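Down below is the structure, laid out as structure tokens.
Being a predicted model, the structure only gives us computed values, none of them experimental. A, B, ... follow the sequence lines: proteins, then strands. Residue 1 opens every chain.
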Amino acid sequence: MDYDVSIDFSMKYDFKKIEKKWQKFWEEKRTYFADDKSRRKKKYILIEFPYPSGEGLHMGHLRPYTAGDVYSRFLKMNGSEVMYPIGWDAFGLPAENYAIKHGVHPSISTAKNIANAKKQLRSWGIGFDWSREINTTDPNYYKWTQWIFLQLFKAGLAYEAKGMINWCPKDKTGLANEEVINGCCERCGAKVEKKEMRQWYLKITAYAEKLLNGLKKLDWPEKIKIQQENWIGKSEGVEIDFEVKTKEKPNFLILHGRNGSPKSHLFPWLKSELEKKGYKVQAPFLPNTDEPDDEEQTQFVLKKCKLDKNTVIVGHSFGGIVALRLLEKGIKAQKVVLLCTPFFGKFLDNKVRASVTRACRKGFNFKKILAGKTSFDLLYDTTDYVVPLSDGETFSKKLKVPLNTVAGKEPHLSGKREPAVLEKLSPLIKVFTTRPDTLFGATYMVLAPEHQLISNLKSRIINSKEVELYLKKAVKKSDEERIAEGKEKTGVELKGIKAINPANGKEIPVWIADYVLTGYGTGAIMAVPAHDERDFEFAKKYKLPVQQVIAPHLIDKEHMPQKGKENTKRNVVHVLLKHPTEDKVIALRHRKFPWLTPITGGIEKGESAIAAAAREIKEETGYKNFRFVKRLPFKVFAEFYAAHKSVNRLTLCDFLFFELVDEKRGAVSSEERANYDVEWLPLKDIHKFTPVSELDFMIEFLKRGEYVYTGDGLLINSDKFDGMPSEKAKWEITKFVGGKRKTQYRLRDWVFSRQRYWGEPIPLVFCETCKKRAQNRADYTQNSAEKFPRKSASSQRESAFSKGEIENPGWIAVSEENLPVKLPPVKKYKPTGTGESPLAAIKSWVSVKCPKCGGAAKRETNTMPQWAGSSWYYLRYCDPNNKKEFSGQKLMKRWLPVDVYFGGLEHTTLHLLYSRFWHLFLHDKKLVPSPEPYTRRIPHGIILGPDNEKMSKSRGNVVSPDSVIKKFGADCLRMYELFLGPHEATVSWNSQGILGISRFLERVYKKFCEPAAEKSSGKTEQVIHRAVKKVGEDIRSVKFNTAVSALMICMNEIEGEKLSRELREMFLKILAPFAPYLAEELWQRTKINADTSVQIRADRNQRKSAFRSIHLENWPSYDEKLIKSETFTLVIQVNGKVRDTVEAPAGISKTEAEKLALGSEKIKNIVKPGAVKKVIYVPNRLVNIVI
RNA sequence: GUCCGGGUGGUGAAAUAGGUAAACACGCGACACUUAAAAUGUCGUGGCUGUAACAGGCCAUGCCGGUUCGAUUCCGGCCCCGGGCACCA
């Protein structure tokens, strides 16, 4: 403890010496450590902890850290116990890439980088609580990262799946949706590719609603909230089923299983449902159903049933065996559907079913079965208690078709109704739409290229070659290519397949196109080209029909026809007459009222619309020679006054488009001439002339040659719904076709595994043995527990499977006492690029014993993304050394939630979303006390280089904080950074500007080298008190730039004035958060100066222990009375223009002010006596004389 | 395309429950100190116009329009810049 707090009373501001001295002092005094037990009110201030890269910390770090530091110091001085912790987000690509580049193991380079960054942070004078320092790569830390992951896994929120994911070819790893920015990797900027891979996902979508709701209560900038909201992208709509029809109508043969009959289980229901849809169905009673013989039943079917090439054979359980036997005998069928058909003849309930086992033992002749080119479909029950799923898997391999599984209404798909089965036989296309009101206008359907139905109906697609070609192309296409194609839509029709529009029963074509996305909704849409831009574009390209079903309801109160302009006709035409040579159209201008209308007329009985229009043109304009061009395919509802009923009445209007041939005119009817003038309006800016909506629509048509109306309106062409407002029709039509309300989110699940070395290992192992048992869990646990009460030793073990283990058969959680799963030390850690993590090559690490059954198992070799460790670090700060829990409840209650979180906007849909998700989950599990992690979020703008460009090595415009410190000192760096501009604004570093701050600090230093005065003037007192107020307010509202400016103003005013000891202290205290070193140094001088009168040669040690840091002092309070001034500058305006100013006593009345104003010589020259119309007085500000 | 921000001197920017536009700072200019330079200090600094000099006048917060005694601030339309999302049915 030998530090030097001696004072150098020289007049030179030697910041190097000063800063070094106090750094050491604060460290040893633990000045910034937060006390867990203090009774003061807690404040938890957080900044995003850095990842320690080789380049060290840069300006981007300085900004939030300084802001947090000023804020923390201020709160601390105002009586709060402030925690402002720091740590290292050291896993992940930057650290790993650095390590690879320099040929050092990441653990070594990381440690080195941390040491360096730590040195930097200390020199910056940031008052972090170093006692809570954490490091995500420390096994004591990532043990808990893994632990939290396991909680997510056990809750069924983690799953493994194969799918197309974003792949960064440079970093050689998969990426989450959030990590792809403009089609490029968020880290390295490389173009992202699509790659099909096995991945772990976290079900963040399950928290979509909670993530959305939680936002409402947060004190975050609206901008960030909106961005998260949009990212989650909630939309409410309905799901509607469309039936599918194929060209060759199938007929069905249903074969029941052992102990079954056509009158039992699902068969009566299934038969009637299929018949309802117009299919022929045969459902024979098969002989000897108690102990059936496959050969006997097969012969029976051959004899009794009619089979042809359009027959679909449905075999339930044993019936499936019979179905396959039929194929072995050379029967040609369209399709065979196997429902829970056994393969091995061993059953999950260990019961003996000798006849079934016997049949299975005979085996199947797959060569013959496959020879008939029959297609297959496998549907197995995940809640089965008899036939294991693995039997289905075997069939799936042998028949080379995918296995479909479903949880049956009853186990073994034996419920009275099994909708999943019906759907397999008579396929439906489920669509999601937010516009069910437009259903009658659905003229075709589109499936995403990955849609299941395509492979399911493969045999019935006539143009399957063409379809396959398209699929291949679509899958290969990267996002980049799609963008390059300019979103030109492509697609191909599924010929031989039609869908039925459930609203009107019409057959509509089914297409596949990649403008429909797999991941959203159901991966299929109903296309309504008349009311959706995308569908319209597609329909236009492939010449698909367009049907308008929504007509806008035009009410234009201002221009609504009045009494006298009567219209009782049902049908009205609007006419647009174009000039023969110029881009102008005719409108009628009312003589009395300021409005324009199109030529409009009613259609007489027996008259065609065109004839009516022609008549109107002649009557209203006098033009004789014109020709009909076209009828616009778009109608609107307009309101007219119906005189005989004295009500406004809706009329459906047609648009007809004419062109003038020559300008010869005849007489205009007298009525029209009295009311209207004919006027030619330029098409281009017709909006400037008229707000009449009919014209708007017509013009849009003419300009673009087409029109897609996506707004609300009244229904047309929709049978009994005609005339209904679209908002109401949404739910009425949904009801009509039996649709279901559904909420969809744009948010996708979080791709959570990375194929890299430097990350937390995912603490799971894969066990083949447990896989089989987990697959058929439900029969032992829920569904049939009562029916089959027998419980073997093995079944009891299986009942202990967690939700995650059931949903991911074979994946077993590492037991908690074996956490952490440490990263093995290896030499080769470069990414393989094959999609496998480098860890996969370490055999000794990969093979483990299964935690559940003790058998041979393999570790998961993917690691977690960088976002894992940072998703909960703020929790660990509360209790960083806890060995029993991720963080102690008591301490979390003490510190959470984070009061203010300073950080970058780039994390809005990354870290900020992820960590909220984890927190909400932990809160649901009652593991954290607060519902949300961060109460207030304060984002910052980026600092650009002096050339207004982003700082980067390649541009050579990087200004490093350390070089600035060398030249000007840390206090100067900090203050200048704050002074650059508003915290949230993007600012550029101006190397000249820093001189201003440097001069300021120098002047402060000099000023405080003067001895304290006995007394200060009242004016000086006022100046300081005002500064105390202003600086405090500005820090509170995060306006650091104006706070610094207030300090400067204050300094300018006290220069040359005498400063009492009290005022000196006040000034230093408000300077302290900004320039902690200088303030501390001068504070010490002030104190010692004050004390020297008593004891100038105090013992050094004594002095040192008696010295209390300025940063632990209380924020000064100001006196409101001192701040108020007795006079103010009265501004005198005439007609709103400033003409003079006078000093006036504060608080004068209006009359007094008026007197003063009129008394001014300048005003007398301008305002003649008696000319004053009105006087406005704003107290203590201005007088405005209106003349 | 759409959703957020934002447009103020030579530069960074201040000022918005509507009330003196340009605080503070950089830069620039003049002067002082100096043999000189740097540093420091003092004064000046939006544009146009005007005066011998004061004084004075007009125009100025992206553009156009509106509300108001008064608009950088509120409303409507447009232009430009930055950022997010982007075939999300």
Side-chain angles (χ1 to χ4, degrees), chain A residues 181-183 221-231 233-235 237 431-436 438 442 446 448 479 482-483 487-489 513-517 519-528 531-535 537-538 687-688 710 744-748 905-906 908-909 941-942 946 948 976 979-982 984-997 999-1000 1002-1003 1006 1039 1041-1052 1055 1129-1141 1162 1165 1173-1187:
Chain A
I181 314 282
N182 281 333
E222 234 15 67
K223 184 186 176 168
I224 297 182
K225 288 197 200 178
I226 289 170
Q227 218 179 298
Q228 279 208 0
E229 251 168 48
N230 290 345
W231 189 261
K234 180 178 178 171
S235 62
V431 303
F432 172 76
T433 177
T434 52
R435 293 296 303 270
T438 63
V446 189
D479 280 359
R482 287 191 193 194
I483 290 163
K487 284 180 190 169
E488 166 87 20
K489 293 180 177 48
D514 61 4
Y515 84 89
V516 173
L517 310 173
Y520 187 81
T522 59
I525 60 154
M526 62 180 217
V528 187
H531 304 289
D532 183 285
E533 304 265 4
R534 294 153 302 181
D535 296 342
E537 195 190 316
F538 191 80
H687 292 274
K688 286 183 186 160
T710 54
Q744 275 292 337
Y745 301 92
R746 204 197 71 105
L747 185 72
R748 303 291 147 89
L905 282 166
E906 70 275 18
T908 304
T909 52
I942 47 175
N948 288 333
Y976 183 54
F979 186 64
L980 274 176
E984 67 284 3
T986 303
V987 292
S988 12
W989 187 272
N990 176 339
S991 306
Q992 294 257 42
I994 196 168
L995 286 172
I997 303 290
R999 285 170 193 156
F1000 165 76
E1002 197 88 39
R1003 283 194 295 148
K1006 288 223 175 78
K1039 285 155 78 177
N1041 54 334
T1042 48
V1044 172
S1045 137
L1047 286 167
M1048 288 174 162
I1049 293 169
C1050 178
M1051 185 62 214
N1052 289 347
E1055 197 129 60
T1129 311
L1130 177 70
V1131 174
I1132 306 167
Q1133 295 183 340
V1134 178
N1135 285 347
K1137 284 191 176 173
V1138 181
R1139 295 293 149 163
D1140 199 9
T1141 59
K1162 284 181 192 165
N1165 288 336
K1173 278 189 193 154
K1174 196 175 163 191
V1175 176
I1176 290 142
Y1177 176 55
V1178 182
N1180 293 332
R1181 272 187 188 277
L1182 63 70
V1183 167
N1184 188 8
I1185 300 161
V1186 187
I1187 53 171

Report task. Hey, which sits more toward the 5' end of RNA chain B by its nearest nucleotide, A:Tyr976 or A:Asn230? Result -> A:Asn230

Query - Rounded interatomic separation in angstrom, taking CD from A:Gln992 and P from B:A39 - result: 10 Å

Query raised in the report: Using atom P of each nucleotide, how far apart are B:C78 and B:C69 to the nearest Å?
Result: 28 Å

**Report entry** salt bridge (Lys or Arg N to Asp or Glu O under 4.0 Å) partners for A:Asp535, two or more places apart
**Finding:** none

Report summary line: d(A:Met1048 CE, A:Phe979 CZ) to nearest 0.5 Å is 4.5 Å

Requested in this report: Tell me which nucleotide among B:C87, B:A89, B:U20 gets nearest to the side chain of A:Thr1141.
Outcome: B:U20

Query raised in the report: Could you state the interatomic distance from CG (A:Leu1047) to CD1 (A:Ile997), rounded to the nearest 0.5 Å?
Result: 9.5 Å

**Report entry** Whole angstrom value for the distance that separates P of B:C85 from CG of A:Leu747
**Finding:** 14 Å

Requested in this report: Could you classify B:G9 for me, syn or anti, using a glycosidic angle within 90° of 0 as syn?
Outcome: syn

Requested in this report: Could you measure between the two C1' atoms, the one in B:A71 and the one in B:C63, and give it in whole Å?
Outcome: 16 Å

Report summary line: A:Tyr976 and A:Asn990 have their tightest heavy-atom pair at OH-O, 2.8 Å

Requested in this report: For B:G18, take OP1 and OP2 only and decide whether either is under 4.0 Å from a side-chain N or O of A:Arg1181.
Outcome: no

Query raised in the report: Listed by chain and number, what are the ring-ring contact (aromatic ring centres under 6.0 Å, His included) partners of A:Phe432, not counting sequence neighbours?
Result: none

Query raised in the report: Expressed as a whole number of Å, how far does the P atom of B:G5 sit from that of B:G77?
Result: 16 Å

**Report entry** Listed nucleotide nearest any side-chain atom of A:Leu1182, set B:C85, B:G19, B:A89
**Finding:** B:G19

Requested in this report: Would you kindly give the CG-to-P distance between A:Asp1140 and B:A55, to the nearest whole Å?
Outcome: 13 Å

Report task. Sticking with atom P, work out how far B:U11 lies from B:G46, rounded to a whole angstrom. Result -> 14 Å

Report task. Find the distance between CG (A:Leu980) and OG1 (A:Thr986) and round it off to the nearest 0.5 Å. Result -> 11.5 Å

Requested in this report: Using the test side chain to side chain contact (heavy atoms under 4.5 Å, CB included), find all partners of A:Ile181 that sit at least two apart in sequence or belong to another chain.
Outcome: A:Glu186

Query - Residues in side chain to side chain contact (heavy atoms under 4.5 Å, CB included) contact with A:Pro982, at least two apart in sequence or another chain - result: A:Glu984, A:Ala985, A:Asn1041

Query raised in the report: Within the structure shown, what part of the strands sits under 4.0 Å from A:Thr1129 by heavy-atom distance: base, sugar-phosphate, or nothing?
Result: base

Query raised in the report: With sugar-phosphate meaning primed atoms plus P, OP1 and OP2, does A:Lys1162 contact a base, only sugar-phosphate, or nothing at under 4.0 Å between heavy atoms?
Result: sugar-phosphate

What are the atom names and distances for every N/O pair under 3.5 Å that joins the protein to nucleotides 40-46 of chain B?
unit_1 : atom_1 : unit_2   : atom_2 : d
B:U40  : OP1    : A:Arg999 : NE     : 3.2

Requested in this report: Let me have RNA chain B in dot-bracket notation, would you? Count Watson-Crick plus G-U wobble pairs, both distances under 3.5 Å, and use [ ] for pairs crossing earlier ones and | for inter-strand partners.
Outcome: (((((((..(((......[....)))((((((.......))))))((((......))))..(((((..]....))))))))))))....

Requested in this report: Rounded to whole angstrom, note down the P distance from B:G47 over to B:A38.
Outcome: 26 Å

Query raised in the report: Expressed as a whole number of Å, how far does the C1' atom of B:U67 sit from that of B:G10?
Result: 36 Å

Query raised in the report: Taking CD from A:Glu906 and P from B:C4, how many angstroms apart are they, rounded to a whole number?
Result: 22 Å

Report task. With C1' as the reference atom in both, quote the distance from B:G50 to B:C59 in angstrom, rounded to an integer. Result -> 14 Å

Report task. For A:Val1178, answer base if it contacts any base atom (sugar-phosphate contacts may also be present), sugar-phosphate if it contacts only those atoms, and nothing otherwise; contact means non-hydrogen atoms under 4.0 Å. Result -> base

Query raised in the report: Which distance, rounded to the nearest 0.5 Å, do you find between the OG1 of A:Thr434 and the CD of A:Gln744?
Result: 10.5 Å

Report task. List for me each residue that meets side chain to side chain donor-acceptor pair (under 3.5 Å) alongside A:Lys234, sequence neighbours excluded, and say none if there are none. Result -> A:Glu209

Query raised in the report: Separation of A:Asn948 atom CG from B:G12 atom P, in whole Å?
Result: 7 Å

Output one line per pair: protein atom, nucleotide atom from nucleotides 65-74 of chain B, and distance, for all N/O pairs under 3.5 Å.
unit_1 : atom_1 : unit_2    : atom_2 : d
B:C69  : O2     : A:Asn1184 : ND2    : 2.2

Query - Phosphate OP1/OP2 of B:G84 contacted by A:Gln227 side-chain N/O (<4.0 Å) - result: no

**Report entry** Euclidean distance for P, B:A15 against B:U68 (whole angstrom)
**Finding:** 29 Å

Report task. Any pair with a residue in residues 222-231 of chain A that passes side-chain hydrogen bond (donor to acceptor under 3.5 Å, both in side chains), sequence neighbours left out, goes on the list, sorted by first then second residue, please. Result -> A:Glu178-A:Trp231, A:Gln228-A:Arg916

Requested in this report: Report yes if a side-chain nitrogen or oxygen of A:Lys223 is closer than 4.0 Å to either non-bridging phosphate oxygen (OP1 or OP2) of B:G82; otherwise report no.
Outcome: no

Query raised in the report: Can A:Met526 and A:Thr438 be said to form a side-chain contact (heavy atoms from CB on, under 4.5 Å), step by step?
Result: CA-CA 10 Å; A:Met526 62 180 217; A:Thr438 63; 3.7 Å; yes

Requested in this report: Would you please name every residue forming a salt bridge (Lys or Arg N to Asp or Glu O under 4.0 Å) with A:Glu1055, sequence neighbours left out?
Outcome: A:Arg1003

Query raised in the report: How long is the line joining CD1 of A:Ile224 and C1' of B:C85, in whole Å?
Result: 16 Å

**Report entry** Atom pair distance, as rounded to whole Å: CG in A:Leu905 and C1' in B:G82
**Finding:** 12 Å

Query raised in the report: Distance from A:Leu1130 atom CG to A:Thr1141 atom OG1, nearest 0.5 Å?
Result: 8.5 Å

Query raised in the report: A:Thr908 near the nucleic acid: base, sugar-phosphate alone, or nothing, with a heavy-atom cut-off under 4.0 Å?
Result: nothing

Query raised in the report: Think A:Arg1139 has a side-chain N or O under 4.0 angstrom from the OP1 or OP2 of B:G57?
Result: yes

Pairs under 3.5 Å (N/O, protein and nucleotides 22-24 of chain B):
none

**Report entry** Partner residues of A:Ile1049 under the side chain to side chain contact (heavy atoms under 4.5 Å, CB included) criterion, sequence neighbours left out
**Finding:** A:Ser1045, A:Glu1053

Query raised in the report: With a 4.0 Å cut-off on heavy atoms, is A:Lys234 in touch with a base, just the backbone sugar-phosphate, or nothing at all?
Result: nothing

Query raised in the report: Between A:Arg748 and A:Tyr520, what is the shortest heavy-atom contact and its length?
Result: NH2-CB, 3.6 Å

Query raised in the report: Would you say the side-chain atoms of A:Asn1135 pair up with the backbone N or O of A:Ile1187, donor to acceptor, closer than 3.5 Å?
Result: yes

Report summary line: From CD1 of A:Ile942 across to P of B:G83 the rounded distance in Å is 8 Å

